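Here is the structure we will look at, set down as structure tokens.
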Amino acid sequence: MKELSKRFDFISIDEKWCKYWEENDTFSAKANPDKEPYTIVIPPPNVTGILHMGHALNNTLQDIIIRYKRMKGFETLWMPGTDHAGIATQNVVEKQLAKEGKSRQDVGRDAFLERLWEWKKEYGDTIIHQLKKLGSSCDWNRTRFTMDEGYSEAVKTVFIKLYEKGLVYQGERIINWCPRCHTALSDEEAEHQETHGHLYHIKYPYKDNPKEHIIVATTRPETMLGDTAIAVNPNDERYKGLIGKKIILPLIERELEIIADEFVDPEFGTGAVKVTPAHDPNDFEIGKRHDLEFINVMHPDGRINEQGGKFNELDRFEARKLIVKELKELDLLVRIDTHSHAVGHCYRCSTVIEPYLSKQWFVKMKPLAEPAIEAVNSGKIKFHPQRWTKVYMNWMENIRDWCISRQIWWGHRIPIWYCQDCNEIIASSQDPKKCPKCSSTKLRQDPDVLDTWFSSWLWPFATLDWPQENEDLKYFYPTSSLFTAPEIIFFWVARMIIAGIEFMGDIPFSDVYLHGTVRDAKGRKMSKSLGNALDPLEIISEYGADALRFSLIMNSGQDLFISKEKFEIGRNFANKIWNASRLILMNAKDIDPDFDLGKTSVCETVALPTRWIIAKYFETVLLVSNAIENYKYSEAESHIYEFFWNNFCDWYLEIIKDQWQDTTVQNVAVKILENSLKFIHPFMPFVTEEIWSIIKEGEAPISVQNWPETLENADNAKTLSSMQTLVDIVISIRNIRSQWKINPKEKIECILVTTSDETSSLLNDNSSIIKALAKVGTLSITQELESTKNNATAVVENIKCIVPLGALIDIEQEKKKTQAQIEQQQKASSTLSNRLNNEKFVSNAPTEVVEKEKARLETIDLNIKELKEVISSLE
RNA sequence: GGGCGAUUAGCUCAGUUGGUUAGAGCUCCUGACUUACAUUCAGGCGGCCGAGGGUUCGAGUCCUUCAUCGCCCACCA
């Protein structure tokens, strides 16, 4: 067997295995009828930039489960890819252009798109490269992009299907408009932030009596330029007589009428509302109800247009200032209250969103949502942690139509053409040559593109080449689980469920795991602008990919608070694994390849520490497996960490230090190491792969090895507990040795002091174990005795040492405590039996409650019996 | 305005269906250069489990009220 280098050089190891896995297609997957499929689709990172810590966490989680399932014998597919991220990517390229002093209009649509594709190529590749460096075991040959050719087919097909069903429609209404990005946004893309603004109270004079006025309140005074009515509640006594009265709109001098509408809340503001149907969703509705004029007073970039009279061309906020100033001068401003309310901001550039009247494409969501609600209600799709179900449901049940058209260039062009001659609207997945109605060839494609999420929601099946039918699609769809951040439940998760059911007739995945947000040590979100972002690649080069992965997962219960030092835990652990392996390789020379841990664990002649570590090992395999299955990754890691470091290294390897000539010891150490590498592998793929390749030279990589076998839990647990007392002795001996500075080679005399029957019988029954223990621990036993605290202390002074084995407990106190417990339990027992004897209770309570109470009574009675035995043993 | 989560050692967090004396890591302190590892080893200090009330023989765990922090949703101008 080869030896490990003295230094653990993660840089070259990371690189070596990245390359190896890729060159050997270790993770390629194909439909295999002999195996069960396990599929994950990656949440495709945006091609806007480089990977951040959130990605590192997200992909590590996916990699753990996929590597685990692969070792468990599933045909695993982890589908990689990237997202074109419409607005976001267009924005970064526009910024790039701006540095050259150009706008996208300057270069033109085609040239601009070319720039975007260049960008995509560079950053898409970078991201894939970074995912590989993280150790992600994706099937890289299948890497997809949300705008590659086949994918466009899927998008067009979906659009047309929905259009034909009447679920995609065009409509003119108030949408969220970003004046900076010059595009419509969906409701989800408007981020509402609590803002401290102002509520302006303005006088609107009557036409017939300009000295009198009605007072309205507004947060956006500039919208008054588009006012076409004043509304009051029809039941508001203050205003009843005024309905129908004419008003002259200040500054604009337009004539308005006071109308009555139930929507107006008499309690808010003055109870009178200025109505601006083109700039407010509620006013829009009022406008429709009362057949008002819709006056748009703004350019798409947020400047006032010619409708604004002398405010023409002013920016909306400039106009606001000026209008307030002029109103003041005209003595029409009553007062300004401070007012905090939620204001929508663009989720890509944080510009204040303008409610804006515009013609857009929408998806009718209600009918699509129903089966998606059912899928979660019926338990076909489960959220982990479960509480997210509520969030999902709340959105689904209050779902609104989805605005899907964007006035940008980067994205899937809407497959709609307009006939210039007869105004026919043509939906087609191919470019149509002529109008089917009038045969005109003057066709113009809709200039808009689709919301980026309109392609993302097809990801689980579009990546498998839908709408084409093929074997892979049938085999790998539906996928198994989805790992993502809660921020995109609505954007992505919910819509994928809708699309999966609608277009594939089946849910897209059965489990959704929502992980926490990565924050800095102070709890702030990591972001480039705050300058608190840690770069995963930097961590990888400083601590290693395994360290990055391990530390991230260790902290991944809820939100993660990450500082650089946290990665030391992972680095140290990887180093520990390396050095433990070194030690074992240096000492294990006589290795039996068929050595069976299961058999050895029940072999009575084997020394106690060895039997114990084997039992502990089997326990750990089970704990780790269960934790992974239940999506409790940090828990799995704690089990691994504790077993490997505390039990195996610090305890077992220390104890057997001078036992290496024993071949059983050698084999046990090697076998436990090998199998530990296996269950550590999903978490730390690089170091385990490297050590495995040295121990098992010539064998297949650990990535494709089988997951270690488990023993029946109950039996193993029994073995463990029966040995625990004895193991405590070993620990005590070691402690005494170190405290009393006794040379490890020197035999020490000790007395085993026992108090309970259980322990002494254990010692008697296991004299062979004691002997084995003596052999290992260089312990010689001179006498065994039962003792009280007092004579134990007396003994201490004369003898070299004693092994405190529960003997140094104050017997009197122990008795008292036990007695108190007995009394308590007896009380419980009597109340319980009273209850069970009460006919009312037995006949009225549900049967399972009665059964439960009976079971409780039984255990309590058993407890009492045991406690009484303890008392008698103390006497 | 509605919903969700958090509150346990100085810090970061575990704590499974209520059940003996509430755990770990880091920090701090004490000791060990024992050649696999100082990215180490052995030990120690440190907790009215956010506050009040309730259910129970028994509550960190269940119910209720409150406080503080965080997140999400929401078209009262």
Side-chain angles (χ1 to χ4, degrees), chain A residues 4 6-8 174 176 187-188 190 192 199-200 216-220 223 231 263-265 267-276 280-286 339 341-342 344 355 385 387-388 390-391 394-395 398 400 486-487 489-490 516-517 519 521 523 525 543 547 554-555 557-563 565-566 568-587 630 632 634-635 638 641-642 645-646 649-650 653-654 657 731 734-735 737-739 741 743-744 817-818 820-821 823-832 852 856 859-860 863 867 870:
Chain A
L4 264 59
K6 189 160 168 56
R7 217 176 69 84
F8 167 49
I174 302 275
N176 299 294
D187 292 334
E188 288 69 33
H192 290 273
L199 193 58
Y200 302 85
V216 298
T218 179
T219 52
R220 294 183 297 150
T223 61
F263 168 78
V264 180
D265 175 7
E267 301 295 312
F268 189 88
T270 60
V273 188
K274 58 190 269 313
V275 183
T276 323
D280 183 277
N282 297 317
D283 294 7
F284 177 78
E285 294 300 324
I286 296 176
H339 179 65
H341 59 137
R387 64 171 186 275
W388 294 108
K390 245 183 162 171
V391 175
N394 187 46
W395 186 78
N398 299 295
R400 286 176 289 169
E487 288 107 87
I489 290 184
F490 311 138
T517 309
R519 297 168 185 283
K525 225 172 181 169
Y543 297 91
M554 194 104 225
N555 288 284
Q558 301 202 7
D559 277 4
L560 297 80
F561 297 84
I562 295 293
S563 57
E565 301 78 61
K566 296 238 164 148
E568 286 172 10
I569 300 173
R571 179 199 58 185
N572 295 356
F573 189 49
N575 186 256
K576 193 74 187 178
I577 297 171
W578 183 262
N579 279 297
S581 306
R582 263 192 81 202
L583 172 71
I584 292 167
L585 285 196
M586 277 161 47
N587 290 293
N630 292 314
K632 305 214 163 144
S634 58
E635 199 178 287
S638 329
Y641 190 84
E642 182 179 329
W645 199 317
N646 298 346
C649 292
D650 289 349
L653 293 183
E654 287 297 327
K657 213 145 209 176
I731 292 171
R734 285 205 336 138
N735 290 348
R737 210 185 277 284
S738 102
Q739 264 168 31
K741 299 195 173 113
N743 187 313
K817 241 164 64 183
T818 315
Q821 273 177 35
E823 275 161 30
Q824 205 196 40
Q825 295 281 313
Q826 275 171 342
K827 237 178 174 176
S829 168
S830 73
T831 37
L832 265 178
K852 209 179 151 191
R856 261 173 59 184
T859 44
I860 287 173
N863 281 350
L867 286 167
V870 169

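Predicted, not measured: the structure shown is a model, and the values here were computed from it. The figures that follow rest on heavy atoms only: side chains count, while hydrogens, waters and symmetry mates do not. Just so it is clear: chains get the letters A, B, ... in the order the sequence lines come, proteins before strands, and each one is counted from 1.
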Return the polar atom pairs (N/O with N/O) between nucleotides 36-39 of chain B and the protein under 3.5 Å, or none.
unit_1: rA36(B); atom_1: O2'; unit_2: Asn579(A); atom_2: OD1; d: 2.6
unit_1: rA36(B); atom_1: O2'; unit_2: Arg582(A); atom_2: NH1; d: 3.3
unit_1: rA36(B); atom_1: N6; unit_2: Glu654(A); atom_2: OE2; d: 3.3
unit_1: rA36(B); atom_1: N3; unit_2: Asn579(A); atom_2: O; d: 3.1
unit_1: rA36(B); atom_1: N3; unit_2: Ala580(A); atom_2: N; d: 3.4
unit_1: rC37(B); atom_1: OP1; unit_2: Lys6(A); atom_2: NZ; d: 2.9
unit_1: rC37(B); atom_1: O4'; unit_2: Asn579(A); atom_2: OD1; d: 3.2
unit_1: rC37(B); atom_1: O4'; unit_2: Asn579(A); atom_2: ND2; d: 3.3
unit_1: rC37(B); atom_1: O2'; unit_2: Asn575(A); atom_2: OD1; d: 3.0
unit_1: rC37(B); atom_1: O2; unit_2: Lys576(A); atom_2: NZ; d: 2.7
unit_1: rC37(B); atom_1: N3; unit_2: Lys576(A); atom_2: NZ; d: 2.8
unit_1: rU39(B); atom_1: O4'; unit_2: Arg571(A); atom_2: NH2; d: 3.4
unit_1: rU39(B); atom_1: O4'; unit_2: Asn572(A); atom_2: OD1; d: 3.0
unit_1: rU39(B); atom_1: O2'; unit_2: Asn575(A); atom_2: OD1; d: 3.2
unit_1: rU39(B); atom_1: O2; unit_2: Asn572(A); atom_2: OD1; d: 3.4

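Within 4.0 Å (heavy atoms only), Ala272(A) reaches no atom of the nucleic acid at all. Residue-level contact check: Phe561(A) touches the backbone only, with heavy atoms under 4.0 Å from sugar-phosphate atoms and none from bases.
rC33(B) and rU12(B) have their P atoms separated by 36 Å, given to the nearest Å. Spacing of P atoms, rU55(B) relative to rU16(B), comes out at 24 Å, to the nearest Å. When the C1' atom is used for both rG46(B) and rA9(B), the distance is 6 Å, rounded to whole Å. Comparing the P positions of rA24(B) and rG47(B) gives a spacing of 15 Å, expressed to the nearest Å. Comparing the same atom, P, in rG15(B) and in rG50(B) gives a spacing of 15 Å after rounding to whole Å. Nucleotides rC26(B) and rC66(B) are separated by 34 Å at their C1' atoms, to the nearest Å. Here, rU21(B) and rU30(B) have their P atoms 34 Å apart, quoted to the whole Å. Distance check on atom C1': rG54(B) versus rG10(B) gives 34 Å, rounded to whole Å.
Helical stems involving RNA chain B, defined as 3 or more consecutive Watson-Crick or G-U pairs under 3.5 Å, span B:1-7 with B:67-73, B:10-13 with B:23-26, B:28-32 with B:40-44, B:50-54 with B:62-66.
Taking every heavy atom of both residues into account, Pro355(A) and Ile174(A) meet most closely at CB-CG2, 3.7 Å. Closest approach of Lys6(A) and Trp578(A) over heavy atoms only: O-NE1, 4.2 Å. In plain terms, the two heavy atoms of Arg220(A) and Thr218(A) that are nearest each other are N-OG1, 3.1 Å. Of all heavy-atom pairs spanning Gly271(A) and Val264(A), the tightest one is O-CG1, 3.4 Å. Across every non-hydrogen atom of Thr270(A) and Ala217(A), the tightest pair is OG1-N, 4.1 Å.
Taking CD1 of Ile562(A) as the reference point, atom CZ of Arg519(A) lies at 12.0 Å (rounded to 0.5 Å). Taking CZ from Arg582(A) and CZ from Arg7(A), the interatomic distance works out to 12.0 Å, rounded to the nearest 0.5 Å.
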Is there a side-chain contact (heavy atoms from CB on, under 4.5 Å) between Ile286(A) and Phe263(A) once you walk through the steps?
CA-CA 8 Å; Ile286(A) 296 176; Phe263(A) 168 78; 3.9 Å; yes
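Nucleotide rG25(B) holds its P atom 11 Å from the CD1 atom of Ile569(A), rounded to whole Å. Phe490(A) places its CZ atom 11 Å from the C1' atom of rG3(B), with the value rounded to the nearest Å. In this structure, CD of Glu635(A) is placed 13 Å from C1' of rA24(B), rounded to the nearest angstrom. Atom CD1 in Ile562(A) sits roughly 10 Å away from atom P in rC13(B) (whole-Å rounding). Rounded to whole Å, the distance from OH on Tyr641(A) to P on rU12(B) is 19 Å. Between Trp388(A) atom CH2 and rG3(B) atom P the separation is 16 Å, expressed in whole Å. One can place CH2 of Trp578(A) at 17 Å from P of rU40(B), the figure rounded to the nearest angstrom. Here rC4(B) presents its P atom at 14 Å from CD1 of Ile489(A), a figure rounded to the nearest Å.
A donor-acceptor pair under 3.5 Å links the side-chain atoms of Asn587(A) to the main chain of Leu583(A), judged by distance alone. In this structure, Asn398(A) contributes its side chain and Asn394(A) its backbone to a donor-acceptor pair below 3.5 Å.
Of all nucleotides listed (rA77(B), rG5(B), rC73(B)), rA77(B) comes nearest to the side chain of Asp265(A).
Where Gly269(A) and Asn646(A) each meet RNA chain B at their nearest nucleotide, the meeting point lying more 5' is that of Asn646(A). Where Arg519(A) and Val264(A) each meet RNA chain B at their nearest nucleotide, the meeting point lying more 5' is that of Arg519(A).
Phosphate contact (OP1/OP2 of rA77(B), side-chain N/O of His341(A), threshold under 4.0 Å): present. OP1 or OP2 of rC4(B) has at least one side-chain nitrogen or oxygen of Lys390(A) nearer than 4.0 Å.
Taking the side chain to side chain contact (heavy atoms under 4.5 Å, CB included) definition, one finds that Phe268(A) meets it with Leu199(A), Asp265(A), His339(A), sequence neighbours left out.
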